[in-house]
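Step one of this worksheet: look at the structure below.
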Number of protein chains: 2
Amino acid sequence: MENKMNIENTQSQMRRGILEFCILSVIRRGEAYPSDIVEEMKESKLQVLEGTLYPLLTRLKNAGMLTYRWVESNSGPPRKYFSLTDQGETFYKQLEGTWNELANAVNKLKNKEESLKPVTEETAAPMQDPNTETEEQPQ
Amino acid sequence: MENKMNIENTQSQMRRGILEFCILSVIRRGEAYPSDIVEEMKESKLQVLEGTLYPLLTRLKNAGMLTYRWVESNSGPPRKYFSLTDQGETFYKQLEGTWNELANAVNKLKNKEESLKPVTEETAAPMQDPNTETEEQPQ
DNA sequence: ATACAGTACTATGTGTTACAAAGTACCGTA
DNA sequence: TACGGTACTTTGTAACACATAGTACTGTAT
């Protein structure tokens, strides 16, 4: 019964669907390897963790949206530098459209006025006090 | 290996984290029962299905964010009219803040210029042609 | 009264996916 | 040759949207 419903979780849920889009957006601006991406996302106040990013990149690569090449590093093992394929570019543009529509819809919804429907109770017959928290079925 | 990666799925994922916020936003403007909400969301281009909405409302109610009362209908069984509790109002405002930050971050990210980092290959030693899709580890 | 269709709500199973945490492998330096 | 840092991988868990089927109440036609 008791439910947590903490903000962190909800924030994480909100990021969820947008991560893919954001990561494609970062890679689109130029080849990047995972730690680059984590860093840039953090700067943009969009946290991503390694355990999230790696599987996501693999998924996008297997779907043909990304390619990578190995590049040596002088401070550790070689890195996978990712870049968008043509298909990835197309996909990105579709996602951009989706994001714009979504953001627009949400903003319209949340700014909507205290609409014209002030509780249209068809028969206007409240069966229970609004403040009573009963679980029973009516009747 | 082969991956689907269809737009519908991603769109659904994008909606995912935002649904809770949108539904609270609808209820906040005045008591509403589930079919009301489904309808209003559809008008706003934010599809929600019954199977999604009912559990979500139950979850929010169990967390103390919503209350409901039964109201008779003359075209079927009685309806559960939901409204925000004080706690729900507070929660909504937090989510609104989260949404604003998120939307802002995404828009900044996607409009960022072709930044100043044109593939900073530390040693500038590509180990593989970018267009070759090999799975092998280097060396 | 009885069957039927419409509306409202409930319950269950499935797939996707973010995150946590532990593990593997490569590199340069002491 | 041991050690610390960096890069990548793997596995398990929990949250949640969605599809689907099911229950229950209502008014209307037979």
Side-chain angles (χ1 to χ4, degrees), chain A residues 3-6 8-23 32-39 41 46-63 68 70-82 122-123 125 127 135-139, chain B residues 3-6 8-23 32-39 41 46-63 68 70-82 122-123 125 127 135-139:
Chain A
N3 220 321
K4 14 184 184 179
M5 200 112 257
N6 52 337
E8 296 98 45
N9 181 31
T10 307
Q11 288 176 328
S12 163
Q13 292 297 330
M14 278 198 187
R15 266 197 308 275
R16 188 188 177 102
I18 294 167
L19 272 186
E20 213 167 87
F21 172 56
C22 290
I23 285 160
Y33 78 105
S35 301
D36 267 351
I37 299 174
V38 169
E39 194 50 41
M41 294 289 280
L46 294 159
Q47 181 203 37
V48 211
L49 303 183
E50 277 202 331
T52 302
L53 183 58
Y54 282 98
L56 197 155
L57 291 173
T58 303
R59 187 159 25 98
L60 286 166
K61 190 222 129 212
N62 288 340
Y68 65 83
W70 288 99
V71 175
E72 281 182 357
S73 160
N74 52 20
S75 64
R79 300 162 176 174
K80 277 186 175 178
Y81 272 83
F82 287 87
E122 290 189 17
T123 57
M127 304 179 70
E135 200 58 82
E136 318 305 326
Q137 285 286 329
Q139 208 269 341
Chain B
N3 220 322
K4 16 188 184 179
M5 200 109 260
N6 52 336
E8 296 98 45
N9 182 30
T10 307
Q11 288 176 328
S12 164
Q13 292 297 332
M14 279 198 186
R15 267 197 306 275
R16 188 190 176 103
I18 295 166
L19 272 185
E20 212 169 88
F21 172 56
C22 290
I23 285 161
Y33 78 104
S35 302
D36 267 351
I37 300 174
V38 170
E39 193 52 40
M41 293 288 279
L46 293 159
Q47 181 203 36
V48 211
L49 304 183
E50 278 200 331
T52 300
L53 184 58
Y54 281 99
L56 197 154
L57 290 172
T58 303
R59 188 159 25 99
L60 286 167
K61 191 222 129 216
N62 288 341
Y68 66 84
W70 288 99
V71 175
E72 280 181 359
S73 159
N74 52 18
S75 64
R79 299 162 176 174
K80 278 186 174 177
Y81 273 81
F82 286 88
E122 290 190 19
T123 57
M127 305 182 67
E135 201 57 84
E136 318 307 324
Q137 285 286 330
Q139 209 273 340

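Chain A is the first sequence line, chain B the second, and so forth, proteins listed ahead of strands; every chain is numbered from 1.
- Distance, A:Ile18 CD1 to C:dA18 P: 11 Å, rounded to whole Å.
- Distances shorter than 4.0 Å separate some side-chain N or O of A:Asn9 from OP1 or OP2 on D:dC16.
- Listed here is the closest heavy atom pair of A:Met41 and A:Cys22: CE-CB, 3.7 Å.
- Between C:dC26 and A:Lys80, no contact under 4.0 Å exists linking OP1 or OP2 to a side-chain N or O.
- Per the geometry, CE belonging to B:Met14 stands 14 Å off P belonging to D:dC18, to the nearest Å.
- Closest to the side chain of B:Pro78, out of D:dC25, D:dA7, C:dA18, is D:dC25.
- Comparing A:Gln13 and A:Pro34 by the nucleotide of DNA chain D that holds the closest heavy atom to each, the one mapping nearer the 5' end is A:Pro34.
- One atom, CD of A:Gln11, and another, C1' of C:dC19, lie 15 Å apart when rounded to the nearest Å.
- Summarising the geometry, the separation between CD1 on B:Ile23 and P on D:dC16 is reported as 12 Å, rounded to the nearest angstrom.
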**Request:** Go through the steps to decide whether A:Trp70 and A:Lys80 satisfy the test side chain to side chain contact (heavy atoms under 4.5 Å, CB included), and finish with yes or no.
**Result:** CA-CA 5 Å; A:Trp70 288 99; A:Lys80 277 186 175 178; 3.6 Å; yes

**Message:** Test side chain to side chain contact (heavy atoms under 4.5 Å, CB included) on A:Met5 and B:Arg59; report intermediate values, then the result.
**Reply:** CA-CA 9 Å; A:Met5 200 112 257; B:Arg59 188 159 25 99; 3.9 Å; yes

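- Atoms CD (A:Gln47) and P (C:dC19) sit 6 Å apart, rounded to a whole Å.
- When heavy atoms are screened at a 4.0 angstrom cut-off, B:Pro55 is found touching no nucleic acid atom at all.
- Phosphate contact (OP1/OP2 of C:dT7, side-chain N/O of B:Asn74, threshold under 4.0 Å): absent.
- In the interface, the side chain of A:Arg59 is not paired with the base of C:dT16 through any donor and acceptor atom under 3.5 Å apart.
- Atom CG in B:Leu56 sits about 15 Å away from atom C1' in C:dT10, given to the nearest Å.
- Using a 4.0 Å heavy-atom criterion, one finds that A:Glu50 contacts the bases of the nucleic acid, with or without backbone contacts as well.
- Contacts of B:Ser12 classified as side chain to side chain contact (heavy atoms under 4.5 Å, CB included), with partners at least two apart in sequence or in another chain: B:Arg15.
- For C:dC19, one of the phosphate oxygens OP1 or OP2 lies less than 4.0 angstrom from a side-chain nitrogen or oxygen of A:Arg15.
- In terms of phosphate contacts, B:Tyr54 brings no side-chain nitrogen or oxygen within less than 4.0 Å of OP1 or OP2 of C:dT10.
- Between B:Arg16 and C:dT16 there is no side-chain N or O to OP1 or OP2 distance below 4.0 Å.
- Taking 4.0 angstrom as the limit, B:Ser75 places none of its side-chain polar atoms (N or O) nearer than this to OP1 or OP2 of D:dT26.
- Atom CG in A:Leu60 sits roughly 15 Å away from atom P in C:dT16 (whole-Å rounding).
- In this structure, B:Gly76 and A:Pro77 both approach DNA chain D, and ranking their closest nucleotides by distance from the 5' end singles out A:Pro77.
- Distance, A:Asn62 CG to D:dT9 P: 11 Å, rounded to whole Å.
- Within 4.0 Å of B:Thr52, counting heavy atoms only, lies at least one base atom of the nucleic acid.
- Listed by chain and number, the residues in a side-chain hydrogen bond (donor to acceptor under 3.5 Å, both in side chains) with B:Glu39 amount to none (sequence neighbours excluded).
- For the pair A:Val48 and A:Ile37, the minimum side-chain heavy-atom distance is 4.5 Å or more.
- Between C:dC19 and A:Ser12, a contact under 4.0 Å exists linking OP1 or OP2 to a side-chain N or O.
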